[in-house]
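Okay, so here's the structure we're looking at.
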Protein chains: 2
Amino acid sequence: MRVISKSGEYGLRALLYMASNQENAGYFNIREMSDELDISFHFLTKILQVLTQKGILQSYRGPNGGITFLKNPEDITLADLIRALEGDDFFDKCLLGLPGCGERQPCPMHAYWMSIRNNLKTEFETTTLADLGNDTRLKQFRLIA
Amino acid sequence: MRVISKSGEYGLRALLYMASNQENAGYFNIREMSDELDISFHFLTKILQVLTQKGILQSYRGPNGGITFLKNPEDITLADLIRALEGDDFFDKCLLGLPGCGERQPCPMHAYWMSIRNNLKTEFETTTLADLGNDTRLKQFRLIA
DNA sequence: TTAATTAAAGATAAAATACTCTTAATTATT
DNA sequence: AATAATTAAGAGTATTTTATCTTTAATTAA
């Protein structure tokens, strides 16, 4: 089950990395992060730009510039991040992909899937980056098979 | 959230259709089904072939041929169907897409995601086509916006 | 003024997905 | 035996999505 795209994966990895290296102070240099996380610099830059536009991160140009959190990690939920990178309707799609499926015209899977989807949504909405980042320091951001 | 591919959607729609029209007896003609469900005949044929190879359906060639259930709808779970069409590792993938992520080398999201994933898996493993097909007769297989 | 950085937009490449076409095999009917 | 109706199988094509790269602009520090 591919739940999120590469953009989502990279964004999540980047934010977890940042959340677990907050002592860093100042701005995170994107080039360094992209090296560290083994993500294409330009691709990562674009992803972080989106998160900046969505009000999750804050950027600063010029020497010693970079990015940092605008909202605190305690206030950024997994759902925020995923909605920003995968689209606002992420948690609202019909399992069968039928156009027009909804309360008024439910598809055969509607009620069943909605309940599952809502559980997932709740889970993601109540988990913050801080929750995840806490003991992340010890863990792997890059695993090589 | 796109959980399943078009193949998965089409396969699920087709099986729900069949499960809710069992009085039909005999074999379901694929051409008719593809018309009814508005799915390309050749594409649907291929999907159903996979399900036949996986031992979920049974086919019969020649005049009045078609497909029917090999296993009973009460014995086909959503998980069976999805595994057949999306791959056996559907419920086992790392949220971050990291190679080598597992118990021995967990990624930062591992424990968290595994628990969510397992709930979903259990849900899908305990829901059969019969459960879903029961009152499907009344519902829409094609919704037009 | 220069160098270091992110911003932005567009171009390209690669991969995955979706779909189509053709031919073969099987079966019923005549 | 011949024909027509079907699914099987595999190859081929098209489309879409995802990922990446390139270039230029804007901003800032030194």
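Proteins get letters first, then strands, A, B, ... in listed order; numbering begins at 1 in each.
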Short side-chain N/O contact from S40(B) to OP1 or OP2 of dA18(C), under 4.0 Å: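 Answer is no, no contact under 4.0 Å.
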
Y27(A) side-chain N/O to dA29(D) phosphate OP1/OP2 under 4.0 Å: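 False: Y27(A) side-chain N/O out of range (4.0 Å or more) of dA29(D) OP1/OP2.
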
Distances for protein N or O near nucleotides 23-27 of chain C N or O, under 3.5 Å:
from: dA25(C); atom 1: N3; to: R61(B); atom 2: NH1; distance (Å): 3.2
from: dT27(C); atom 1: O3'; to: Y60(B); atom 2: OH; distance (Å): 2.7

Q105(B) versus H110(B), side-chain donor and acceptor atoms under 3.5 Å: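 Absent: no donor and acceptor within the cut-off.
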
Under 3.5 Å side-chain donor-acceptor pair for D80(B) and T77(B):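 Judged by distance alone, the side chains do pair up.
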
CA sep, side-chain torsions, deciding dist, call: D131(A), T128(A), side-chain hydrogen bond (donor to acceptor under 3.5 Å, both in side chains): CA-CA 5 Å; D131(A) 296 335; T128(A) 71; 3.3 Å; yes

Separation of [N] [atom2] from [X] [atom1] (nearest whole Å):
X      : N      : atom1 : atom2 : result
L44(A) : dT5(C) : CG    : C1'   : 14 Å
F41(A) : dT5(C) : CZ    : C1'   : 8 Å
Q58(B) : dT7(D) : CD    : P     : 14 Å
F43(A) : dA9(C) : CZ    : P     : 17 Å
N64(A) : dA3(C) : CG    : C1'   : 11 Å

Side chains of residues 56-69 of chain A: which donor-acceptor pairs under 3.5 Å do they make with residues two or more places apart or in other chains?
none

Listed once per pair and sorted, the side chain to side chain donor-acceptor pair (under 3.5 Å) pairs that draw on residues 42-54 of chain B, sequence neighbours left out: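 Matches after skipping sequence neighbours: none remain.
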
Pairs: protein N or O with nucleotides 13-17 of chain C N or O, under 3.5 Å:
none

Touch class at under 4.0 angstrom, heavy-atom based, for I30(A) against every strand present: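 Counting heavy atoms under 4.0 Å across all strands, the contact made by I30(A) is with sugar-phosphate only.
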
Under 3.5 Å, sequence neighbours excluded: what are the donor-acceptor pairs made by side chains of residues 111-118 of chain B?
from: Y112(B); atom 1: OH; to: E123(A); atom 2: O; distance (Å): 3.3
from: Y112(B); atom 1: OH; to: T127(A); atom 2: OG1; distance (Å): 2.8
from: W113(B); atom 1: NE1; to: K93(B); atom 2: O; distance (Å): 3.2
from: R117(B); atom 1: NE; to: F91(B); atom 2: O; distance (Å): 3.1
from: R117(B); atom 1: NH1; to: D92(B); atom 2: O; distance (Å): 3.1
from: R117(B); atom 1: NH1; to: K93(B); atom 2: O; distance (Å): 2.8
from: N118(B); atom 1: ND2; to: M114(B); atom 2: O; distance (Å): 3.4

Neighbours of DNA chain D within residues 45-57 of chain B, by heavy-atom distance under 4.0 Å: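 Listed by number, they are K46(B), Q49(B), Q53(B).
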
Backbone N/O of M18(B) and side chain of N21(B): donor-acceptor pair under 3.5 Å: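 It does not hold such a pair.
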
N/O donor-acceptor pair under 3.5 Å between N29(B) side chain and R31(B) backbone: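 Confirmed, N29(B) side chain pairs with R31(B) backbone.
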
Criterion salt bridge (charged side-chain N to carboxylate O under 4.0 Å, His left out) on E36(A) and R13(A), from CA distance to verdict: CA-CA 11 Å; E36(A) 199 62 44; R13(A) 284 213 277 146; over 6 Å; no

